[in-house]
Amino acid sequence: MKDYSSHEIELTLNIINATIVNCEKVKPKLKAGSSQLSLTTNRIHALETVKLLIEEKTTYIDEEQLNLSIIQITSILNKSQTGLSNAKAGSGVATRFNKLVVAMNVCLDYLNEAVKRANQNQK
């Protein structure tokens, strides 16, 4: 895993926190039992999981939860990359998507490293 500077970590945590807040704001507007509500809930859980890893507030997260988190973070990354490719260069939207892409790549590094450690501990 790449060594990240404290500035990169701080920016990533800011993006994670902002994304969690935005998802929490949207949740009450979504219909109970809808796929959108499930997706939003799963994304929040994935972001909270990776936040714990980055902040080193846990030493163990279930491998299944790590893999589910990878799926959700990858989805956010893919949607952000698509948004970035459709955004006008230099616009606020492009800047926002670029920050999300960078942050989700950091998140994936942390999640993949945690999976690798979990696999080594099982051996």
Measuring only between side-chain heavy atoms, which start at C-beta, is [X] closer than 4.5 Å to [Y]?
| X | Y | answer |
| --- | --- | --- |
| Asn17 | Lys51 | yes |
| Ile15 | Val102 | no |
| Lys31 | Leu37 | no |
| Thr40 | Glu24 | no |
| Val106 | Glu8 | no |
| Tyr110 | Thr49 | no |
| Ile76 | Ser80 | yes |

What's the spacing between [X] [atom1] and [Y] [atom2] if we round to 0.5 Å?
| X | Y | atom1 | atom2 | value |
| --- | --- | --- | --- | --- |
| Asp109 | Ile73 | CG | CD1 | 12.0 Å |
| Leu111 | Leu68 | CG | CG | 11.0 Å |
| Leu39 | Leu30 | CG | CG | 9.0 Å |
| Met104 | Phe97 | CE | CZ | 12.0 Å |
| Leu53 | Ser69 | CG | OG | 8.0 Å |
| His7 | Thr12 | NE2 | OG1 | 9.5 Å |

Are [X] and [Y] connected in the hydrophobic side-chain network, where two residues link if heavy atoms are under 4.5 Å apart?
| X | Y | answer |
| --- | --- | --- |
| Leu11 | Val93 | no |
| Ile20 | Val101 | yes |
| Leu52 | Leu13 | no |
| Leu100 | Ile9 | yes |
| Leu108 | Leu66 | yes |

Checking side-chain polar atoms at under 3.5 Å, does [X] have a donor or acceptor matched by the opposite partner on [Y]?
| X | Y | value |
| --- | --- | --- |
| Arg96 | Ser91 | no |
| Gln81 | Ser85 | no |
| Lys99 | Asn14 | no |

Next on the checklist: For Arg117 and Glu63: C-alpha separation, side-chain torsions, deciding distance, then whether salt bridge (Lys or Arg N to Asp or Glu O under 4.0 Å) applies.
Outcome noted: CA-CA 10 Å; Arg117 280 193 314 267; Glu63 189 174 355; over 6 Å; no

Checklist entry - Any Lys/Arg nitrogen of Arg43 or Glu48 sitting under 4.0 Å from an Asp/Glu carboxylate oxygen of the other? => result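 Not counted as a salt bridge, because no side-chain N and carboxylate O are separated by less than 4.0 Å.
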
Next on the checklist: I'd like to know if the side chain of Asn98 and the backbone of Ala94 have a donor-acceptor N/O pair within less than 3.5 Å.
Outcome noted: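 Between the backbone of Ala94 and the side chain of Asn98 there is no qualifying donor-acceptor contact (under 3.5 Å).
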
Next on the checklist: Give me the atom names and distance for the closest heavy-atom approach of Lys29 to Lys25.
Outcome noted: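 In this case the closest contact between Lys29 and Lys25 is CE-O, 4.0 Å.
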
